[in-house]
Amino acid sequence: MLIPELIRKKREGFTLSESELKSFVTGAAKGTWPEYQLSAMLMAIFFEGMTTRETSNLTQLMASSGKILSWPDLPGPVIDKHSTGGVGDKTSIILGPLAAACGVYVPMISGRGLGHTGGTLDKLESIPGFNVRLDLNSFDKILRTLGIAMIGQTSEIAPADRILYSLRDVTATVESIPLITASILSKKIAEGIQGLIMDVKTGMGAFMPELDKARKLAKAIVNTARKSGIQCQAIITNMDSPLGYKIGNALEIQECIEILKGSGPADTTELAVNLAARMVQMGGIRPDIDQATELVRNKLESGEGLAKFEALIEAQGGDPRVINNPNLLDISAGVHEIKACESGWLNAIDACKLGWAACHLGAGRDKAEASVDAGVGIILHRKPSCKVHKGDIIMEIRHRNGKGLEKASELCLHALVIDEQPQKENGLILEEIL
Ligand code: URA
């Protein structure tokens, strides 16, 4: 079939066969489909969805578009974690070193910013010199030595996702259960892991704001992973408000370091510890979840998690002095304060609006080839749920020479949900799929 016929077939709601999907995936990985046709197919999938079999075929084909790694001789379990994307969600950068300090091997392949959400790779690259494009030999060597290495999709590993991910980011085709499932699991299958802990976000700042859709996504990921021979469990977590106090690439690295030093915000610390403990339990290092949690907490409190992160930065070419000298992170000096325009209970801060505000400042991309500004973002001074008075500073915007500031300020102001009465808070972890 000609490419336009394949796109039309999906656009009309028909099912694509494995060989038709192969044409699309190979077209992405090898560049034989131009970006406008890849994007049109993504939009057709976005609107028409996919059957379970199509999703599973797409996942396998995207994983096999590059090398599939395997680690038969590593002396410990090979387990990873991935999130469906959130605002201020920096947990991978905290829990990876913590899990590695507990004896888990973590060959993490992550993505860049996607839509209004931040990406692990953009955050890591805000550390001067940090290289997320390691060749496979260096990836292997660092993983064996430290128990963790963190890279992005390359032309060798998950190349189809590398292209499709960057197109989805700028073509408004992110919020799709089959596309998210295939994107995440193609990377995870290529990593050669035994087990995966998924953090599926729901709420205002998630790609699946409604709980029933998040549940569907979680089940699609867990079932597709298990079909591919990967142990998988998922937790569904609340992303109504941002995680932690800092949003933006370098700001989030700063907060990761604070957390690994034991002085960071409770919500992010607790979630990172919870997810790391699940990795430790799944890997059989501590079969009981309470003991696994205790081990992870020990690694946090003893500073071994921080030391692991410092070693990782050095091994991947970054400047490890950022650990004790956060001024080495290029955080923009431009400050604009957002104040409460009424008194009452700050019941929520809409994470989606803050995510887009950060993108307007330059923390995300509007074109596939655009670069990000690592130093811009938002620092919350207050978090839900608390009482505020008119004029209180709720957050500060860190901007670069006013770029995007007007739109970002408008979004940040509209993100504040201030009511007369306090609202009952939902917990952070809403459900689990074990
Ligand atoms: N993370 C990914 O790797 N892909 C998605 O589509 C969403 C989150």
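Atoms within a ligand are numbered from 1 in the order they appear, just like the ligands themselves. We number each residue from 1, following the sequence as shown. Heavy-atom basis, side chains included; hydrogens, waters and symmetry copies ignored.
- Crowding of Arg53 atom CZ: a count of heavy atoms from other residues, nucleotides or ligands under 6.0 Å not exceeding 12.
- Residues with a heavy atom under 4.0 Å from ligand 1: His82, Ser83, Thr84, Leu114, Tyr165, Arg168, Ile180, Ser183, Ile184, Lys187.
- Note on Glu191 versus Lys188: salt bridge recorded, some NZ/NE/NH1/NH2 to OD/OE distance being below 4.0 Å.
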Let me have the donor-acceptor pairs involving side chains of residues 42-49, under 3.5 Å, with sequence neighbours excluded, atom names and distances please.
none

Pairs of donor and acceptor atoms involving the side chains of residues 94-110, under 3.5 Å and at least two apart or interchain, shall be tabulated with distances.
none

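- A salt bridge does not link Lys123 to Glu255: none of the charged nitrogens lies less than 4.0 Å from a carboxylate oxygen.
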Less than 3.5 Å apart, which donor and acceptor atoms pair up between the side chains of residues 157-164 and the rest of the protein, not counting sequence neighbours?
| unit_1 | atom_1 | unit_2 | atom_2 | d |
| --- | --- | --- | --- | --- |
| Asp161 | OD1 | Ser183 | OG | 2.9 |
| Asp161 | OD2 | Gln153 | NE2 | 2.8 |
| Asp161 | OD2 | Lys187 | NZ | 2.7 |

